[in-house]
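Hydrogens, waters and symmetry mates are skipped; everything else that's a heavy atom, side chains included, is used.
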Amino acid sequence: MTDLRDSTRLHDVARRAALEVRDPLLAAFRTTIAVDYKVDLHDVVTEHDKRSEETITKFIMREVPDSMLLGEEGGSVGSGAVQWYVDPIDGTSNFARGLSFWCVSIAAVIEGEIVAGVVYDPVADNLFSADLNGAYLNGRSIRSNAVPDERRATLITGYPVARDFRLDGKQRALEDIGVLIETFSTVRRPGSAALSISHVAAGWVDAAVGFGVNPWDVTAAILILKQARGSYTPLTLGKVASSSKDYLCPGYVALGEGANYPTLNRIAENISQRRQETSASSSLSVARA
Ligand code: IPD
Ligand code: CA
Ligand code: CA
C-alpha cells in the first residue's frame with residue numbers, strides 16, 4: 001500500500017515534468033513539422049516527441065532516482081521501485097498537422113498500483129491529474145458525469161483504423177462502428193486516448209472506447225477517470241492474460257458516472273472475444289507447424 005505522501009509527491013513530480021515541455025511543444029505546434037513514420041504511414045513521430053521524452057525522462061530521473069521509466073519513444077530507462085509510463089505526445093498526428101487535440105501523459109505506478117497521473121493539454125492549458133486523494137483539473141476537483149441513456153450520449157473513439165481492419169475484417173469493423181453511430185447521439189474521433197479518457201473524467205463527454213492502446217497512452221488517464229468516479233473496463237483482446245493489470249491491457253471502455261450503455265458493452269465484448277479466438281487459433285497453428 002502506497003503512502004499518500006508518496007502519491008502526492010509523485011503527482012507533483014509528474015505535473016512539473018509535463019510543464020517542462022509545455023513551451024517547446026507550444027512553440028513547435030502549427031509550424032512546419034517534419035514527420036517520420038514508424039510501423040507504417042499511419043504511425044507518425046516527430047523530433048518533438050523524442051526531444052520531449054528526453055526532457056521528461058531527465059527531469060523524473062533527477063527528482064526520483066529510484067525509478068524505472070518506460071517511454072513510447074526511448075523504451076525503458078533505469079531501475080527502481082517507481083515505474084513510470086510516459087507518452088511525450090499522445091495524439092502525434094494531430095500535433096504534427098495542427099489539430100489542437102494532443103497532450104503529454106505521465107503516470108507513476110508502485111507495486112502494480114497507479115499512484116499518480118498527469119494528462120496535460122498545453123494548447124488549452126488544461127492539466128488533468130490524479131493522486132490517491134482525488135482527480136483534478138488545474139488543481140480543482142473533478143467528477144465525471146454521463147447521461148444514463150446511450151441514445152442521448154456522446155462517445156469518442158479512434159475505432160476503426162487500418163490496423164483494426166486487418167485484425168477484425170473491414171466489413172465487420174465498419175458494421176460495428178455503424179451500430180455505435182446509429183445507437184449513440186454523437187460519435188467523434190478526436191485522436192488521443194489519454195485526452196479522450198480525461199474528457200470522460202471531466203464530465204465533458206460520456207464515454208470513450210479503444211482497441212489498440214499501450215500503457216503510456218492510458219495509465220495516467222485511468223487513475224484520473226477512476227478518481228473522478230468513472231469506470232474503466234480493460235479488454236484483453238487476446239493479447240494479454242485475463243489477470244493483467246488494467247493499464248497493461250490493449251483495449252478499454254471508459255464510462256462517466258451514471259452511464260449504462262449495453263450496446264457499447266456488447267460491441268466491445270464482441271470485438272474482444274473475436275480477437276481472443278483469432279489469437280487462440282493462430283497460436284494453435286503455430287504450435288502445430
Ligand atoms: C495514439 C493515440 C490514439 C490511439 C492509439 C495511440 P500516439 O497515440 O492515443 O488515439 O487510438 O492507440 O497509439 O501515437 O498519438 O502517441
Ligand atoms: Ca500515444
Ligand atoms: Ca506518442
Side-chain angles (χ1 to χ4, degrees), residues 1-19 56 60 64 67 81-87 90 103-121 124-148 153-156 190 192-210 213-235 244-249 251-261 264:
M1 194 63 188
T2 303
D3 192 308
L4 281 181
R5 281 167 307 183
D6 287 339
S7 162
T8 308
R9 188 171 90 79
L10 297 175
H11 173 261
D12 185 56
V13 171
R15 185 184 60 80
R16 287 186 290 126
L19 292 174
I56 292 167
I60 289 175
V64 189
S67 292
V82 186
Q83 169 77 63
W84 296 86
Y85 292 103
V86 173
D87 193 340
D90 187 49
C103 63
V104 180
S105 173
I106 303 175
V109 172
I110 298 179
E111 291 172 353
E113 182 189 15
I114 313 170
V115 298
V118 164
V119 171
Y120 180 49
D121 168 354
D125 199 20
N126 282 331
L127 192 135
F128 306 89
S129 69
D131 57 18
L132 294 180
N133 280 314
Y136 320 93
L137 170 61
N138 296 332
R140 304 177 82 148
S141 284
I142 50 170
R143 187 160 166 181
S144 61
N145 173 27
V147 300
T154 295
L155 168 70
I156 47 182
S192 153
L195 204 48
S196 294
I197 299 165
S198 299
H199 273 57
V200 180
W204 296 344
V205 70
D206 301 292
V209 65
V213 290
N214 293 292
W216 48 78
D217 298 315
V218 293
T219 306
I222 290 173
L223 185 64
I224 297 169
L225 177 64
K226 286 184 176 173
Q227 293 291 57
R229 302 204 201 177
S231 76
Y232 187 90
T233 306
L235 304 167
S244 301
K245 295 284 180 192
D246 47 11
Y247 56 87
L248 298 176
C249 290
Y252 68 88
V253 178
L255 301 177
E257 189 178 19
N260 175 21
Y261 301 162
L264 175 59

ask   = To the nearest 0.5 Å, what is the distance between OG (S67) and CH2 (W84)?
value = 6.0 Å
task = Can you measure from CG (D87) to OG (S192) and round to the nearest 0.5 angstrom?
result = 7.5 Å
ask   = Yes or no on side chain to side chain contact (heavy atoms under 4.5 Å, CB included) for L264 and V253, after CA distance, side-chain angles and deciding distance?
value = CA-CA 8 Å; L264 175 59; V253 178; 3.8 Å; yes
Between CG on residue N126 and CG on residue L195, distance to nearest 0.5 Å = 8.0 Å
message = Give me the atom names and distance for the closest heavy-atom approach of V86 to I56.
response = CG1-CG2, 3.9 Å
Distance (rounded to the nearest 0.5 Å) between T219 OG1 and Q83 CD = 9.0 Å
From CA spacing to verdict: side chain to side chain contact (heavy atoms under 4.5 Å, CB included), V115, D6 = CA-CA 8 Å; V115 298; D6 287 339; over 6 Å; no
inquiry  = Is the ring pair Y247/Y85 parallel, tilted or perpendicular, if the boundaries are 30 and 60 degrees?
reply    = tilted
task = Compute the ring centroids of Y232 and Y252, then answer whether they are less than 6.0 Å apart.
result = yes
inquiry  = Set out, in order, the CA-CA distance, both residues' side-chain angles and the distance that settles side chain to side chain contact (heavy atoms under 4.5 Å, CB included) for L127 and L19, then state yes or no.
reply    = CA-CA 9 Å; L127 192 135; L19 292 174; 4.2 Å; yes
query = If you round to the nearest 0.5 Å, how far is OG1 of T8 from CG of N133?
reply = 5.5 Å
key: Side-chain touch N260/P148, heavy atoms, less than 4.5 angstrom   = no
query = Could D12 and R15 be called an ion pair, given the rule that one side-chain N must be under 4.0 Å from one carboxylate O?
reply = yes
Acceptor/donor pairs from residues 221-231 side chains to any protein atom, 3.5 angstrom cut, sequence neighbours excluded:
{"unit_1": "K226", "atom_1": "NZ", "unit_2": "D246", "atom_2": "OD2", "d": "2.5"}
{"unit_1": "Q227", "atom_1": "NE2", "unit_2": "D131", "atom_2": "O", "d": "2.7"}
{"unit_1": "Q227", "atom_1": "NE2", "unit_2": "L132", "atom_2": "O", "d": "3.2"}

ask   = Are V64 and R9 side-chain neighbours, meaning at least one heavy-atom pair lies under 4.5 Å?
value = yes
message = Looking only at side-chain N and O atoms, does S105 offer a donor or acceptor that is under 3.5 Å from a partner on D90?
response = no
request  = Would you mind reporting whether Y136 and S129 have side-chain heavy atoms less than 4.5 Å apart?
outcome  = yes
key: Spatial distance of atom CG (L10) from atom CD1 (I60) [nearest 0.5 Å]   = 9.5 Å
